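Report on the following structure.
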2 protein chains.
Amino acid sequence: MGVDPQQLRTFVSVVRLASFSAAARELGYTQSAVSQQIAALEQELRAPLLERRPVAPTEAGARLLEHAPGILLRLDAARADVARVGGSARGLLRVAVTALAAPRPLARALAATRLAYPRAELTVSLVGRTSAVTAVAAGEAELAVVDGVAAASDPLALPAAAPVSALRVAEQPLAVLLPAGHPLSGRRRIRLASLQDAFWLDAPDASVPLTELRAATGSDAFPPSMALVGPSADAVTECVAAGLGLAVVPAGGASAPGEGVVAVPLADAGLLHRTEAVWSGSRAEVVDHLVAGLADARAEPL
Amino acid sequence: MGVDPQQLRTFVSVVRLASFSAAARELGYTQSAVSQQIAALEQELRAPLLERRPVAPTEAGARLLEHAPGILLRLDAARADVARVGGSARGLLRVAVTALAAPRPLARALAATRLAYPRAELTVSLVGRTSAVTAVAAGEAELAVVDGVAAASDPLALPAAAPVSALRVAEQPLAVLLPAGHPLSGRRRIRLASLQDAFWLDAPDASVPLTELRAATGSDAFPPSMALVGPSADAVTECVAAGLGLAVVPAGGASAPGEGVVAVPLADAGLLHRTEAVWSGSRAEVVDHLVAGLADARAEPL
DNA sequence: GTCTGCCCATCAGCGATACTGATGGGCGTG
DNA sequence: CACGCCCATCAGTATCGCTGATGGGCAGAC
């Protein structure tokens with residue numbers, strides 16, 4: 001009685017790898033154990049979860065798959081939250097940052113925190129949006145600094161289904177990255193709707209993700225031209241310059257737009273690029289100092 | 001390795017009852033088993049979770065307690081979602097309704113659904129806000145119809161940490177319920193801020209909860225005069241008439257405000273009473289029909 | 001068509017686990 | 001001081017879940 005989280009973990013592995021044997025290898029079980037775990041889960045839920053040969057989730061399995069990652073993440077988050085109570089007085093400060101998060105306020109706040117806590121162990125890692133939030137929830141990072149697009153008054157729609165707190169750090173207008181020769185590249189401003197049928201780079205970790213554009217504009221257009229994985233801003237610039245597709249980026253960032261491309265500000269009112277700091281549970285002293293620094297940075301000019 | 005949900009369930013029972021023995025009785029275990037489960041959980045998380053004698057959560061236990069109900073709810077929700085796949089073709093339609101949810105659209109939609117599915121088994125139950133949403137998540141109801149206060153463009157802040165979908169059913173202006181002799185009872189409109197230091201009935205299931213007022217106005221005032229549990233609209237009217245405190249209710253509801261009280265509309269722009277329909281996972285045919293009926297009802301006058 | 005290889009289900013056996021029931025110690029209470 | 005209540009611990013046992021071996025079914029090669 002009661003769904004075993006271990007079985008859930010095994011289930012998602014099996015689905016992801018589409019193989020009992022491969023999942024067994026990954027998890028350090030024998031194939032027999034995996035088979036028995038899935039069978040037990042199916043009996044427990046009284047429903048077949050997997051099609052065999054080829055291995056694929058059934059309708060019921062698909063439903064379970066919608067819930068499983070959230071459950072497992074929350075389980076990890078609970079464990080991490082409990083662990084933070086005991087040992088977090090030490091100066092461990094791991095910050096997970098997304099590629100387009102405003103770097104200046106973060107850098108300044110980090111500098112101040114480094115001064116105040118010279119012995120703190122400081123790590124900043126550049127990761128994808130989802131990983132940043134899940135890392136915080138699971139206790140693999142003390143803080144995440146995440147960017148995204150939202151209307152002026154709304155909070156960011158954070159990807160993970162985990163209980164976290166957030167603070168707005170910076171807001172910038174948005175711009176469209178166009179190749180230098182593009183017919184609209186001379187414009188002072190562009191409305192997003194006028195470009196919704198153009199082709200777009202699908203580079204969720206190095207530009208504003210298309211899914212966020214669609215959510216923020218309420219349109220389901222913005223056809224993707226090519227996928228670009230990883231947080232490489234240069235790759236985006238080069239691909240836009242080469243005419244492979246357009247991209248939306250925060251305007252007036254630290255770096256110039258680069259050769260061969262033009263950044264034209266968006267005319268859409270109320271659509272903003274925002275950076276938020278995200279943490280989970282109560283904050284240790286060092287983390288608190290850094291968050292306070294980020295809060296102060298809001299007042300300063302970018 | 002891996003927190004056992006059964007242990008989590010035991011843990012919350014022990015905390016709620018502040019007793020190992022009582023929790024054992026409730027769960028059908030021996031006291032010995034409960035003691036061992038808690039010990040195993042503490043060893044697994046490497047932290048003491050409970051103070052003994054008297055039994056109370058430690059700091060770490062409090063953290064775990066924040067996560068545990070959400071995890072257990074999601075586990076139940078997953079189980080219910082899987083169960084819906086197989087057996088939900090039958091006409092089972094259990095609707096959980098909060099006290100202030102707009103009754104007219106619901107009644108009309110229910111009537112239409114009853115006509116279209118004469119053999120459907122129909123149950124409507126009046127419950128608190130949190131129970132309504134958790135009932136849907138846990139598969140104890142097919143649909144919830146929940147009310148709350150929100151700004152015009154925001155969705156309702158639903159209480160449960162569970163993955164559900166929602167549809168706006170109706171919106172009404174808000175009114176303050178004042179005793180007939182109140183100095184402001186002759187007003188045409190009242191701003192909420194002018195009353196934030198008055199005393200208020202804390203009747204979360206029979207009027208707009210104070211927590212929602214505070215969240216929607218951004219003020220943490222609105223001191224409570226007395227608590228009133230349960231969804232009794234009459235009790236609210238009587239208490240307001242007796243001068244025990246004020247209350248915010250949807251204006252122009254089905255029932256007249258009652259003797260001895262006056263309902264004065266709120267002047268606060270953008271603050272609305274909204275009713276939403278809430279469901280989980282995919283909807284069975286009957287549920288789909290009812291939700292469609294609720295969607296249609298939005299167009300009609302209230 | 002047949003052979004071979006891969007993959008999942010099943011089974012026996014064994015070690016680990018989690019329960020019961022009994023016992024003991026600590027603390028408040030009469 | 002004695003009693004009662006409550007939680008921790010222990011021994012014993014039944015069950016559970018894993019390993020390793022075996023078997024059946026499907027696909028691709030020849």
Side-chain angles (χ1 to χ4, degrees), chain A residues 1-62 64-65 68 71-72 75 79 82, chain B residues 1-62 64-65 68 71-72 75 79 82:
Chain A
M1 186 80 89
V3 176
D4 182 355
Q6 193 55 49
Q7 293 172 356
L8 238 42
R9 222 163 236 127
T10 300
F11 175 68
V12 305
S13 274
V14 168
V15 171
R16 181 166 41 81
L17 299 170
S19 159
F20 284 50
S21 315
R25 249 170 280 136
E26 181 177 272
L27 298 168
Y29 287 120
T30 58
Q31 171 267 319
S32 171
V34 170
S35 178
Q36 288 175 52
Q37 284 191 20
I38 299 296
L41 194 57
E42 290 183 321
Q43 192 161 21
E44 164 71 31
L45 296 175
R46 290 166 212 284
L49 300 172
L50 289 172
E51 228 54 87
R52 283 87 209 256
R53 233 177 299 268
V55 174
T58 62
E59 174 64 26
L64 184 61
L65 208 57
I71 292 171
L72 295 174
L75 235 20
R79 169 189 292 275
V82 169
Chain B
M1 185 80 89
V3 176
D4 181 355
Q6 191 57 46
Q7 292 173 356
L8 238 42
R9 238 175 272 271
T10 300
F11 175 69
V12 304
S13 274
V14 169
V15 171
R16 181 166 42 81
L17 300 168
S19 158
F20 283 49
S21 316
R25 251 170 278 135
E26 181 177 272
L27 298 169
Y29 287 120
T30 58
Q31 172 266 320
S32 171
V34 169
S35 180
Q36 289 175 52
Q37 283 191 21
I38 298 296
L41 193 57
E42 289 182 322
Q43 193 160 21
E44 164 72 30
L45 296 176
R46 291 166 209 287
L49 300 172
L50 290 172
E51 226 56 85
R52 283 84 209 256
R53 232 177 299 268
V55 174
T58 62
E59 175 63 25
L64 183 60
L65 209 56
I71 291 170
L72 295 173
L75 235 19
R79 170 189 293 275
V82 169

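Just so we're clear, the structure is a prediction, and the values are computed from it rather than from any experiment. Convention: sequence-line order gives letters A, B, ...; per-chain numbering from 1.
Residues from residues 18-32 of chain A that place a heavy atom under 4.0 Å from any atom of DNA chain C, listed by number: A/Ser19, A/Phe20, A/Ser21, A/Gln31, A/Ser32.
Between D/dA8 and B/Arg52, a contact under 4.0 Å exists linking OP1 or OP2 to a side-chain N or O.
Within the nucleic acid shown, A/Val34 has no heavy atom closer than 4.0 Å to any nucleic acid atom.
Between A/Ile38 atom CD1 and D/dC18 atom P the separation is 11 Å, expressed in whole Å. Distance A/Glu51 CD to D/dC26 C1': 15 Å, rounded to the nearest Å. In this entry the distance linking CD of B/Glu42 with P of D/dC7 reads 13 Å, nearest Å. The distance from atom CG of A/Asp4 to atom P of C/dA18 is 10 Å, rounded to the nearest whole Å. Atom CD of B/Gln37 is separated from atom P of D/dT9 by 16 Å (rounded to the nearest Å). Between the CG atom of B/Leu49 and the C1' atom of D/dC7 there is a distance of 16 Å, given to the nearest Å. Distance B/Gln6 CD to C/dA18 P: 11 Å, rounded to the nearest Å. Counting to the nearest Å, the C1' atom of C/dT17 and the CD atom of B/Glu44 are 14 Å from each other.
Judged by distance alone, with hydrogens and angles left aside, B/Gln36 brings a side-chain donor or acceptor within reach of the base of C/dT20, the pair sitting under 3.5 Å.
Here B/Ile38 contributes atom CD1 and B/Thr10 contributes atom OG1; the two are 6.0 Å apart, rounded to the nearest 0.5 Å. Taken to the nearest 0.5 Å, the CG atom of B/Leu64 stands 5.0 Å off from the CG atom of B/Leu8. The CZ atom of A/Arg52 lies 7.0 Å from the OG atom of A/Ser35; values are rounded to the nearest 0.5 Å.
A distance-only check finds no donor-acceptor pair linking the side chain of A/Gln6 to the backbone of A/Gln37 [under 3.5 Å]. Side chain of B/Gln31 to main chain of B/Ala24: no donor-acceptor pair is present (N/O by atom type, distance under 3.5 Å, no hydrogens or angles). Between the side chain of B/Glu51 and the backbone N or O of B/Ala56, no donor-acceptor pair lies under 3.5 Å.
Between B/Leu27 and B/Arg9 the shortest side-chain heavy-atom distance does not fall below 4.5 Å.
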